[in-house]
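This chain uses plain numbering: 1 for the first residue, then up along the sequence. Since this is a predicted model, take the numbers as computed values, not measurements.
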Amino acid sequence: SRWSLPLKIGIVGVTMAFGLLVLPIAIPILSPEVTAAYALRIGAAESLRTNRGAMDRLPQDFADMLGWEEQTQALARVIAALTPAERDSTVIFASNYGEAGAAEFYGPRYGLPPVVSAAGSYWFFGPGERAGAVVITIGEDSSDVAKAYDDVRPVGTIRMPWSVEEERVVPLIVGRRPRQSLQQLWPALAGRN
């Protein structure tokens, strides 16, 4: 019993020290450059493994949060280039939950139209009310957009050097003249991602 208090203090101390040591990897409080160097310096290289198994420069949860507002600003520039009639019928289609989440989170600030995605549980929310007469895709390949739209035009690229590899170069594409409405297309997109 005379060791119980020092043992408890020791356990709490070690736990707190470990928590402070890994805090910059678990919570993005440092810049990407400093976080990347820090993870390697403390021997936490395994924290840099992506959900696809590859080693990267940042923990994926941190890397996936970078560039959200920049993505939304790029989408807003594409929206601004559309005619007013096109804006009223536009839907943003994001290829993954991070891109969809970014556009939803910052979208109201930039006046973005509704955001849909077939990725994961986003698919269950459906395509919304708009038929998708005009679609702005983020992260989709133009050949995939061409399967559903007759007029497909790349309009930009978002570059995010600290994101995970598959998110470093993200295309923006505008699709017009759909072959079918998003509501008709939606069932075929189940399980796509």
Side-chain angles (χ1 to χ4, degrees), residues 25 28 30-40 45-82 86-87 90-123 127 132 134-178 182 185 189 191-193:
I25 296 171
L30 303 173
S31 71
E33 298 86 354
V34 173
T35 301
Y38 183 78
L40 295 174
E46 199 55 37
S47 70
L48 305 178
R49 190 170 300 283
T50 69
N51 61 6
R52 294 184 176 186
M55 294 301 287
D56 212 334
R57 299 179 296 172
L58 289 175
Q60 182 158 355
D61 287 341
F62 183 10
D64 281 345
M65 289 187 258
L66 297 174
W68 277 31
E69 190 162 13
E70 292 80 1
Q71 286 181 43
T72 307
Q73 290 169 345
L75 287 166
R77 286 190 294 274
V78 174
I79 295 290
L82 299 175
E86 286 178 321
R87 279 185 230 132
T90 296
V91 173
I92 294 173
F93 185 93
S95 69
N96 66 44
Y97 69 90
E99 294 157 353
E104 277 193 338
F105 184 80
Y106 287 107
R109 183 182 301 173
Y110 292 95
L112 295 187
V115 179
V116 300
S117 179
S121 61
Y122 260 98
W123 181 86
V134 177
V135 68
I136 300 172
T137 66
I138 177 169
E140 290 290 324
D141 186 84
S142 59
S143 63
D144 288 334
V145 180
K147 293 174 186 173
Y149 286 82
D150 287 329
D151 181 0
V152 175
R153 297 177 192 194
V155 292
T157 303
I158 302 167
R159 298 184 187 282
M160 298 175 292
W162 284 98
S163 292
V164 292
E165 185 175 353
E166 64 268 15
E167 292 289 320
R168 289 187 189 140
V169 179
V170 178
L172 294 172
I173 298 166
V174 173
R176 294 178 179 91
R177 295 196 318 269
L182 278 177
L185 179 64
L189 298 176
R192 188 172 150 243
N193 289 331

* If you measure only the distance, is there a donor-acceptor pair under 3.5 Å linking the side chains of E69 and Y110? -> yes
* To do: Indicate yes or no: at least one non-hydrogen side-chain atom of W162 is less than 4.5 angstrom from one of E33.
  => yes
* **Heavy-atom pair of closest approach, residues M55 and A45** => CE-O, 2.9 Å
* Measure the OG-CD distance between S47 and Q60 for me, rounded to the nearest 0.5 Å. => 12.0 Å
* Could you please spell out the steps behind the side chain to side chain contact (heavy atoms under 4.5 Å, CB included) verdict for R176 and L82? => CA-CA 11 Å; R176 294 178 179 91; L82 299 175; 3.3 Å; yes
* Gap separating the CG atom of L30 from the CD1 atom of I25, nearest 0.5 angstrom -> 9.5 Å
* Pair D64-Y97, side chain to side chain contact (heavy atoms under 4.5 Å, CB included): steps then yes or no -> CA-CA 10 Å; D64 281 345; Y97 69 90; 3.6 Å; yes
* Structure fact -> dist E99:CD -> E104:CD (nearest 0.5 Å) comes out at 12.5 Å
* Between N96 and A119, which heavy-atom pair has the shortest distance, and what is it? -> CA-CB, 3.7 Å
* Asked: At their closest point, which heavy atom of S142 faces which heavy atom of V152, and how far apart are they?
  -> O-CG1, 3.9 Å
* Between OG1 of T35 and CZ of F62, what distance do you get to the nearest 0.5 Å? -> 4.0 Å
* **Carboxylate-amine/guanidinium proximity below 4.0 Å for E165 and R52** => no
* Asked: Between V145 and G175, what is the shortest heavy-atom contact and its length?
  -> CG1-CA, 4.4 Å
* Apply side chain to side chain contact (heavy atoms under 4.5 Å, CB included) to the pair I158 and I138, showing each step before the final yes or no. => CA-CA 9 Å; I158 302 167; I138 177 169; 3.9 Å; yes
* Can you see which heavy atom on P127 is nearest to which on V116, and at what distance? => O-CG1, 3.5 Å
* Do L58 and L66 have side chains that get closer than 4.5 Å, going by heavy atoms? -> yes
* To do: Could you check if a side-chain atom of I92 sits within less than 4.5 angstrom of a side-chain atom of P113, using non-hydrogen atoms only?
  => yes
* Is there a side chain to side chain contact (heavy atoms under 4.5 Å, CB included) between M160 and R168 once you walk through the steps? -> CA-CA 5 Å; M160 298 175 292; R168 289 187 189 140; 5.7 Å; no
* Asked: What's the spacing between F93 CZ and L189 CG if we round to 0.5 Å?
  -> 5.0 Å
* Asked: Do T137 and Y149 have side chains that get closer than 4.5 Å, going by heavy atoms?
  -> no
* Asked: Is there a donor-acceptor pair closer than 3.5 Å between any side-chain N or O of T72 and the backbone N or O of A102?
  -> yes
* Look up atom CD in E167 and atom OG1 in T50, then write down how far apart they are to the nearest 0.5 Å. => 11.5 Å
* Exercise: identify the closest heavy-atom pair between S117 and S95 -> OG-C, 4.2 Å
